[in-house]
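Right, one structure below, let's go through it.
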Amino acid sequence: MVVQEIFNEFAKFAQVESMAIGGSRAIKKNDKYSDYDVYVYWKEQIPVEQRKAVLGKYCSRMELGCCYREYTDNCIVEDGMTLNIIYRNTDEFLAAVAEVVEGHKAQGGYTTCMWHSLLTGRIAYDKGGKIGDAKQKYMVRYPQALKHNIISLNMQLIKYGINTYLEQITRAMKRGDVISINREVHKFMDSYFDVIFAMNEKLHPGEKRLLDICVKECKVLPDNFERNIRFLLLNMCKDPTAISFVNTMIMGLEKVLGEEL
């Protein structure tokens, strides 16, 4: 298998401490559209030319050193499959996970994604044992302080603070500014899902298939959860009254938060 051969070659680099298969393939939920995500944990960067020398043996196309969310090599292997190799400094990654799990630090969306990535990643190589040890250490019950902090911060961003997403979306829709509408609704949805997952004490799984995951795996959801989201996203740039669905989604969130907390 190509990925295993790449693992074998990368294991020879002194900089590499651990490697894991991540994403939907790690939890056996991949489909025909799924990329192949690999996490490489290193203590320092492998020079681009050395990575290129290895990947060039197996990949028909490469874009190395991309930095959208994390530092990544995006490749097309010879059978047409997309391979994403995500590089993480081991100590920095584990410090970020500790900041969330032990320090209970919330973010504006995706708060527990790195924790989820650690726990669900299938370890293929772990020279120093750091990732395996951390995986065992952080296989713990969802901290109540973290739950509170995620809900508090993101509800502040959504409605209760200054210059909230609700205010920004309302203004953008009144102006008919489709670029701004898209940007502000995107930020709103990030925080909205962070609250949903925290409320259910479920780790945030990342960007893809969130509706399906919530419907299947979250016990507590606002009324008409899926219908409201679909209506908002399908109408937000063509109907200013779509703001009513943002309000409805927020009120639904407040209702279930009140019942749960």
So, taking the atom named [atom1] in [X] and the one named [atom2] in [Y], what distance separates them when rounded to the nearest 0.5 Å?
{"X": "T112", "Y": "I150", "atom1": "OG1", "atom2": "CD1", "result": "5.5 Å"}
{"X": "N247", "Y": "E254", "atom1": "CG", "atom2": "CD", "result": "9.5 Å"}
{"X": "R171", "Y": "L166", "atom1": "CZ", "atom2": "CG", "result": "10.0 Å"}
{"X": "I181", "Y": "I243", "atom1": "CD1", "atom2": "CD1", "result": "9.0 Å"}
{"X": "M62", "Y": "K52", "atom1": "CE", "atom2": "NZ", "result": "6.0 Å"}
{"X": "M114", "Y": "E92", "atom1": "CE", "atom2": "CD", "result": "10.5 Å"}

Looking at [X] and [Y], would you say the former's side chain and the latter's main chain have a donor-acceptor pair under 3.5 Å?
{"X": "W115", "Y": "Y138", "answer": "yes"}
{"X": "D73", "Y": "G65", "answer": "yes"}
{"X": "D177", "Y": "S180", "answer": "yes"}
{"X": "K159", "Y": "Y165", "answer": "no"}
{"X": "N149", "Y": "A145", "answer": "yes"}
{"X": "K127", "Y": "V16", "answer": "yes"}
{"X": "S152", "Y": "H148", "answer": "no"}
{"X": "T164", "Y": "Y160", "answer": "no"}
{"X": "N228", "Y": "T248", "answer": "no"}
{"X": "D194", "Y": "T111", "answer": "yes"}

Worksheet item: Under 6.0 Å between the ring centres of F10 and F7?
Response: no
Answer whether the closest heavy-atom distance between the side chains of [X] and [Y] falls below 4.5 Å.
{"X": "V38", "Y": "I86", "answer": "no"}
{"X": "K130", "Y": "L94", "answer": "yes"}
{"X": "F197", "Y": "L203", "answer": "no"}
{"X": "H104", "Y": "V100", "answer": "no"}
{"X": "Y41", "Y": "M19", "answer": "no"}
{"X": "C75", "Y": "T82", "answer": "no"}

Worksheet item: Using 4.0 Å as the upper bound for N to carboxylate O, is an ion pair formed by E207 and R209?
Response: no
Fill in: Salt bridge present between K12 and E9 (N-O < 4.0 angstrom)
no
Worksheet item: What is the minimum heavy-atom distance between G22 and Y39, and which atoms define it?
Response: CA-CE1, 3.4 Å
Item to complete: Over all heavy atoms of both residues, which pair between V195 and M155 is shortest? Give the atoms and the distance, please.
Response: CG2-SD, 4.1 Å
Regarding [X] and [Y], is there a side-chain donor-to-acceptor distance under 3.5 Å anywhere?
{"X": "R88", "Y": "S117", "result": "yes"}
{"X": "T72", "Y": "N84", "result": "no"}
{"X": "Q168", "Y": "N163", "result": "yes"}
{"X": "D126", "Y": "S18", "result": "yes"}
{"X": "R230", "Y": "N224", "result": "no"}

Worksheet item: Should T90 and K43 be marked as a side chain to side chain contact (heavy atoms under 4.5 Å, CB included) after you check the CA-CA gap, both sets of side-chain angles, and the distance that decides it?
Response: CA-CA 6 Å; T90 310; K43 52 189 172 183; 5.6 Å; no
Item to complete: Please assess I21 against D37 for the test side chain to side chain contact (heavy atoms under 4.5 Å, CB included), listing each intermediate value before the final yes or no.
Response: CA-CA 6 Å; I21 297 168; D37 294 333; over 6 Å; no
Discussion item. Ring-plane angle category for Y110 and H204, please: parallel below 30°, perpendicular beyond 60°, tilted otherwise.
Written reply: tilted
Worksheet item: When the ring planes of Y71 and W42 are compared, do they come out parallel, tilted or perpendicular, using 30° and 60° as the limits?
Response: tilted
Discussion item. One pair to check against side chain to side chain contact (heavy atoms under 4.5 Å, CB included): K219 and K202. What are the steps and the verdict?
Written reply: CA-CA 10 Å; K219 295 181 180 179; K202 180 176 176 59; over 6 Å; no
Discussion item. Within 45 degrees of the ring normal and closer than 6.0 Å to the centroid, is that where the cationic atom of R51 sits relative to Y87?
Written reply: yes
Practice prompt. Evaluate the criterion side chain to side chain contact (heavy atoms under 4.5 Å, CB included) for residue pair E17 and Y125; output intermediate values, then yes/no.
Written response: CA-CA 8 Å; E17 297 186 298; Y125 174 79; over 6 Å; no
